[in-house]
Amino acid sequence: MLTSITLNGVSYAFGANTVLNQIDLHIEPGSVVALLGPSGCGKSTLLRLLAGLTEPANGEIHFADRLVAKSGWSLPPQARDIGMVFQDYALWPHMTVAQNVMFPLKMRNVARSERENRVAQALSRVGLSEFAGRKPAGLSGGQQQRVALARAIVAEPRVLLFDEPLSNLDSELRESLCQEMATLLRQLGTTAVYVTHDRREAEILADRIVHLSAGSIAADRLISTSGEYA
Ligand SMILES: Nc1ncnc2c1ncn2[C@@H]1O[C@H](COP(=O)(O)OP(=O)(O)OP(=O)(O)O)[C@@H](O)[C@H]1O
Ligand SMILES: [Mg+2]
């Protein structure tokens, strides 16, 4: 099922430092939105609010018609049906690739027989079928990030969240993995929010680019039409 994301008047502060200032944003079901902006503008903070890793000071966040956060209250990440990919991969070093990817299915109590099929399918989608039995330490950075990607999509979450997933990789690899992720996101059709400070990455991956500047939305443009709106 495709899910819209709506933020109404969402603000966030670290002490006296206002990091997000009354953000209003509606993300269409199945679209890929890039959050673009300079370091410190609040991109990761906004993504963490969508993930349920932190709660807003003011405002509300809805996934479709479900309230997931409001001032002082937040539905925890495991109850949100999301998949996340971070800059630093965040794989469990003691688990094999297959065990890492299987983890979200265990959390959701998916039956064992189905788990194995789903893991095999997710690994195949990211081109890692042969690496199922390896530990993360035996993989390159790009391969580790593919594992994180497989783990994010394996349970077919309603929302995918990415925080600069390619910025630890060298430029050639970044380019090719970016193209692959764009293709994968189109195939999956999942609503996705992709944080980056790289305009080119945003243009390859996203249907729409939302520019954040000092905690506010400075510009909002559709990629397919290049037309400014909102
Ligand atoms: N734990 C914290 N305590 C206090 N201030 C913080 C904390 N984390 C972030 N900030 C501040 O909040 C602001 C927004 O940070 P955020 O991490 O959302 O930025 P960002 O856009 O993701 O930047 P980058 O591109 O460098 O990752 C920054 O000014 C930052 O200094
Ligand atoms: Mg950040």
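Counting starts at 1 for both ligands and their atoms, in listed order. Heavy-atom basis, side chains included; hydrogens, waters and symmetry copies ignored. Computed from a prediction, not measured in an experiment: that's the story for all the values here.
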What atoms of ligand 1 come within less than 4.0 Å of a heavy atom belonging to Pro38?
21 (O)
Can you find a protein heavy atom under 4.0 Å from atom 8 (N) of ligand 1?
yes
Check the pair Asp207, Arg221 against salt bridge (charged side-chain N to carboxylate O under 4.0 Å, His left out), reporting the backbone distance first and the verdict last.
CA-CA 9 Å; Asp207 307 315; Arg221 88 190 149 100; over 6 Å; no
Would you say Gly37 touches ligand 1, if touching means a heavy atom closer than 4.0 Å?
no
Please determine whether any non-hydrogen atom of Glu164 lies less than 4.0 Å from an atom of ligand 1.
yes
Looking at Arg208 and Glu28, does any basic side-chain N land under 4.0 Å from a carboxylate oxygen?
no
Looking only at protein heavy atoms, which one is nearest to atom 18 (O) of ligand 1, and how far off is it?
Thr45 OG1, 2.6 Å
Phe86 backbone acceptor or donor facing Asp163 side chain under 3.5 Å
no
Determine, using heavy atoms of Gly215 and all atoms of ligand 1, whether some pair is separated by less than 4.0 Å.
no
Quick one: nearest non-hydrogen protein atom to atom 31 (O) of ligand 1, plus distance?
Asn17 ND2, 4.9 Å
Would you tabulate the side-chain donor-acceptor contacts of residues 57-71 under 3.5 Å, counting partners in other chains and residues two or more places apart, or write 'none'?
unit_1 : atom_1 : unit_2 : atom_2 : d
Arg66  : NH1    : Ala79  : O      : 3.3
Ser71  : OG     : Ala57  : O      : 2.7

Mind checking whether Gly40 has an N or O less than 3.5 Å away from an N or O of ligand 1?
yes
Does Trp92 reach the side chain of Pro136, with side-chain heavy atoms less than 4.5 Å apart?
no
Answer yes or no: does an N/O atom from Phe14 fall short of 3.5 Å to an N/O atom of ligand 1?
no
What part of Val19, side chain, backbone, both or neither, has a heavy atom within less than 4.0 angstrom of ligand 1?
side chain
Is there a side-chain contact between Leu177 and Arg146 in this structure, where contact means two heavy atoms from C-beta onward sitting under 4.5 Å apart?
yes
Could you check whether any side-chain heavy atom of Glu203 comes within less than 4.5 Å of a side-chain heavy atom of Ile223, counting everything from C-beta outward?
yes
How far is atom 25 (O) of ligand 1 from the closest protein heavy atom, and which atom is that?
Lys43 NZ, 2.7 Å
Of Ala214, Ser39, Ser44, Gly42, the residue with the heavy atom nearest atom 26 (O) of ligand 1 is Ser39
Atom pairs and distances, donor-acceptor, side-chain atoms in residues 103-112, under 3.5 Å, two or more places apart:
unit_1 : atom_1 : unit_2 : atom_2 : d
Arg108 : NH2    : Asp81  : OD1    : 3.1

The number of protein N, O or S atoms lying under 2.8 Å from the Mg ion (ligand 2) is 1
Short N/O distance, under 3.5 Å, between His197 and ligand 1?
no
When you compare the side chain of Arg80 with that of Val159, does any pair of heavy atoms fall below 4.5 Å?
no
May I ask you to test the Asn117-Gln121 pair for a side-chain heavy-atom distance under 4.5 Å?
no
Exercise answer: donor-acceptor pairs, residues 6-15 side-chain atoms, under 3.5 Å, sequence neighbours excluded:
unit_1 : atom_1 : unit_2 : atom_2 : d
Thr6   : OG1    : His26  : ND1    : 2.9
Ser11  : OG     : Gln22  : N      : 2.9
Tyr12  : OH     : Thr54  : OG1    : 3.1

CG-CD distance between Leu149 and Gln144, expressed to the nearest 0.5 angstrom
13.5 Å
